[in-house]
There are 2 protein chains.
Amino acid sequence: MPDEFLLDEQACFALYAASRAVTDTYRPLLGELGLTYPQYLVLLVLWESDARPVKEIGEALHLDYGTLSPLLKRLEANGLLTRARLPEDERTVVISLTEEGRTMRTRASAVPSAIGCALGLDDASRRELITTLRRLTASATAYSLGGFDAQP
Amino acid sequence: MPDEFLLDEQACFALYAASRAVTDTYRPLLGELGLTYPQYLVLLVLWESDARPVKEIGEALHLDYGTLSPLLKRLEANGLLTRARLPEDERTVVISLTEEGRTMRTRASAVPSAIGCALGLDDASRRELITTLRRLTASATAYSLGGFDAQP
DNA sequence: CGCGAATACCTTGTGCACGATGTAATCGTG
DNA sequence: CACGATTACATCGTGCACAAGGTATTCGCG
């Protein structure tokens with residue numbers, strides 16, 4: 001049987017390398033807009049539906065407050081969004097796009113197709129890859145939460 | 001046509017999320033050994049072939065000196081490897097495993113199978129995923145290097 | 001109503017990841 | 001052999017990513 005420690009046999013490393021390679025592809029495109037990839041992801045979430053609490057953004061992106069809080073602060077400092085406490089629940093901070101945040105969507109309109117072109121995936125294999133990766137994410141997440149001996 | 005900005009349609013986000021989910025799965029396993037995932041990757045490279053220059057490790061993992069230098073320094077501080085200048089070329093730093101670094105391979109022997117189990121991929125789909133991700137990495141890398149107007 | 005638990009968020013500390021810059025050693029070429 | 005270019009590596013600054021710990025607000029239940 002093959003050596004289980006061989007780097008080339010590991011899907012995890014291929015995943016790790018691919019993820020960074022894709023982010024590298026985004027970097028120059030987003031850099032012109034003054035964005036990083038995680039910041040762009042937050043905007044994607046808000047472009048889909050604006051004025052959402054931090055919690056929802058975190059759930060959509062699988063990111064915790066420790067990552068989001070400073071990231072949202074930087075986006076606020078750059079004038080793309082605002083933060084406001086909900087009057088009916090002062091614990092909740094609602095994130096809303098500014099006008100500049102909304103127009104950024106137009107400025108970024110060329111990004112998805114440019115990336116799609118760079119990755120060279122046709123529509124079918126893209127969907128298949130997404131399916132495989134979702135299954136893998138779910139499987140890994142369940143395992144991380146449950147450990148060796150899961151309990152309800 | 002579907003909105004190109006939809007998060008759910010983006011292979012890149014699925015990739016980004018999956019990569020972090022997998023790293024999360026490694027964390028508790030490697031944590032018991034006092035390792036992080038990138039540190040584990042460096043050990044994988046050295047277990048395959050010991051006493052290699054920093055440059056080669058970087059090429060194997062697609063990591064630059066800015067990432068590797070401090071990472072290797074931490075592994076050295078933890079007693080897993082040593083750094084030594086090559087006498088015939090004083091620019092080159094050769095990384096060699098210590099005895100502790102070699103025995104770590106035995107201590108980590110359960111890791112690959114545990115991860116394999118957690119991801120729930122059979123051998124065939126694992127290989128197929130690796131192939132897809134390699135193609136994607138190559139495509140993204142070529143695009144990043146070449147940009148819109150590549151020149152030799 | 002009172003009060004302990006839960007919720008939503010923030011902050012701090014550590015460790016990647018990458019760009020930019022710096023330095024010493026080596027190479028290549030005239 | 002001299003000297004500019006290249007190579008191998010280190011350092012610094014910024015921005016994630018996550019764990020751990022903290023605060024203020026709200027909820028639930030007796």
Side-chain angles (χ1 to χ4, degrees), chain A residues 13 16-28 30-32 34-43 52-59 61-78 83-95 140-141 144-145, chain B residues 13 16-28 30-32 34-43 52-59 61-78 83-95 140-141 144-145:
Chain A
F13 173 66
Y16 165 79
S19 178
R20 284 187 298 118
V22 168
T23 304
D24 284 350
T25 306
Y26 273 99
R27 203 180 314 282
L30 296 179
E32 286 189 17
L35 295 173
T36 65
Y37 183 62
Q39 290 171 9
Y40 173 70
L41 289 178
V42 167
L43 293 182
R52 306 173 75 172
V54 177
K55 179 184 169 63
E56 282 188 24
I57 298 174
E59 285 167 354
L61 300 178
H62 312 167
L63 288 172
D64 67 2
Y65 294 107
T67 302
L68 279 178
S69 282
L71 195 160
L72 292 170
K73 234 176 141 181
R74 281 186 284 273
L75 284 172
E76 184 187 27
N78 293 342
R83 307 131 128 300
R85 297 268 170 191
L86 253 191
E88 61 265 35
D89 185 346
E90 289 282 344
R91 293 171 301 179
T92 301
V93 171
V94 173
I95 305 295
T141 303
S144 296
L145 296 181
Chain B
F13 173 65
Y16 165 78
S19 179
R20 284 186 298 118
V22 168
T23 304
D24 285 349
T25 305
Y26 273 100
R27 202 181 316 282
L30 297 179
E32 286 188 19
L35 295 173
T36 65
Y37 182 62
Q39 290 170 9
Y40 173 70
L41 289 178
V42 166
L43 293 182
R52 304 173 76 172
V54 178
K55 178 185 172 61
E56 281 187 26
I57 298 174
E59 284 167 354
L61 301 179
H62 311 167
L63 289 173
D64 68 2
Y65 295 107
T67 301
L68 279 178
S69 283
L71 194 159
L72 293 170
K73 232 176 142 178
R74 282 186 284 271
L75 284 172
E76 184 187 28
N78 292 343
R83 308 129 126 302
R85 296 268 170 190
L86 208 58
E88 61 266 34
D89 185 346
E90 290 281 343
R91 293 171 303 179
T92 301
V93 170
V94 173
I95 305 295
T141 304
S144 297
L145 296 180

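In what follows, every chain begins at residue 1, and chains take the letters A, B, ... in the order their sequences are listed. These numbers were taken from a predicted model, which means no experiment stands behind them.
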Would you say that more than 12 heavy atoms from the other residues, nucleotides or ligands in this model lie under 6.0 Å from the CD of E32(A), or not?
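Atom CD in E32(A) is not packed in, count stays at 12 or less.
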Once you round it to whole Å, what is the distance between C1' of dT14(C) and CG of N78(B)?
13 Å
Report the distance from atom CD of E88(B) to atom P of dT26(C), rounded to the nearest whole Å.
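That distance rounds to 10 Å.
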Can you tell me if R20(B) uses its side chain to pair, donor with acceptor, with the backbone of H62(A) under 3.5 Å?
yes
Any donor and acceptor pair, going by atom type alone, linking the side chain of D64(B) with main-chain N or O of T67(B) inside 3.5 Å?
yes
Any idea how Y37(B) and Y16(A) line up, ring-wise: parallel (<30°), tilted (30 to 60°), or perpendicular (>60°)?
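It falls in the perpendicular class, over 60°.
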Summary of protein contacts for nucleotides 6-18 of chain D, nucleotide by nucleotide, where a base hit scores B, a sugar-phosphate-only hit scores S (4.0 Å, heavy atoms)
-BSBBB---SSBB
Heavy-atom side-chain proximity of V42(B) to L68(B) below 4.5 angstrom:
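Side-chain contact under 4.5 Å: yes.
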